[in-house]
Every structure is written in C-alpha cells, then in structure tokens.
Amino acid sequence: MKKQPWRVAVDKSYEGLTDDLISSEALSMESCFSTHYTKPQPLDGMAPEDIREWLDDAEYHKANMIFVNFDSQADAKAFASVSGGWVMG
C-alpha cells in the first residue's frame, strides 16, 4: 500500500510562497476546487517562474485551497509554520 503524503493546506497564494516552496522539502502541490482536485504537480526540478505561473493559474481559476505535499510530518509542520497553513495529515 502506498504511503499517503502529509498535506499542508494554504488558503491563498502569498508574496514569497514560491521561495518558501523552493526552500522546503515539498514533493508536489495541488489545487482544490469545489468539485475536484488537480493532479499533483511535482516540484522537483521546477523553475521558480514555473511555480509562480502555476500558482497564478490556480488563483486565476479561483482555487479554494492549495495543498502542498510532504513525505514527513516534520517537514509539513515546518512549512505550515512558515506559510500559515494547516497540516492535514
């Protein structure tokens, strides 16, 4: 059985989120809409401008939430404290 990632919910994009994502141990990010989630977008090797474009697109399409996925609870908690997000488990 595949281990589920630890998720941090961030309710909106903010100035510096791209930098916070790059400096974190985040694996991927997803947009949450009222009817669906997007496919996880891996962050490994993603350029800062591509991350910003992805976040801008999520905001443009009025995503309700952004989920950032981590392998470990400690990394998720650290990111939540920086981003103001919530660890979802």
Once rounded to the nearest 0.5 Å, what's the spacing between atom [atom1] of [X] and atom [atom2] of [Y]?
X   : Y   : atom1 : atom2 : value
Q41 : I51 : CD    : CD1   : 9.0 Å
D20 : E15 : CG    : CD    : 10.5 Å
S31 : D57 : OG    : CG    : 7.5 Å

Heavy-atom closest pair, residues [X] and [Y]:
X   : Y   : answer
V8  : A76 : CG2-O, 3.3 Å
A26 : L43 : CB-CD1, 3.5 Å
S13 : I66 : N-CD1, 4.3 Å
P48 : I22 : CG-CD1, 3.4 Å

### Message
Between S28 (side chain only) and P40 (backbone N and O only), is there a donor and an acceptor less than 3.5 Å apart?
### Response
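No.
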When you compare the side chain of [Y] with that of [X], does any pair of heavy atoms fall below 4.5 Å?
X   : Y   : value
D71 : P5  : no
W54 : T38 : yes
F79 : S24 : yes

### Message
Given E30, which partner from the list K39, R7, M65 fulfils the side-chain contact (heavy atoms from CB on, under 4.5 Å) test?
### Response
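It is R7, the one option of K39, R7, M65 that forms the side-chain contact (heavy atoms from CB on, under 4.5 Å) with E30.
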### Query
Do V82 and L27 belong to the same hydrophobic cluster, where Ile, Leu, Val, Met, Phe, Trp and Tyr are linked whenever their side-chain heavy atoms lie under 4.5 Å apart, directly or via other members?
no
#### Entry: Same apolar cluster: M88 and L21, side chain cutoff 4.5 Å
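Per the 4.5 Å side-chain linkage, M88 and L21 are not co-clustered.
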### Query
Would D56 and R52 satisfy side-chain contact (heavy atoms from CB on, under 4.5 Å), going step by step from the backbone distance to the final call?
CA-CA 6 Å; D56 288 345; R52 182 74 252 157; 2.9 Å; yes
### Message
Can you tell me which residue among F33, W86, W6, Y37 is in a ring pair (Phe, Tyr, Trp, His ring centres under 6.0 Å) with F67?
### Response
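With F67 as partner, ring pair (Phe, Tyr, Trp, His ring centres under 6.0 Å) holds for just one option, Y37.
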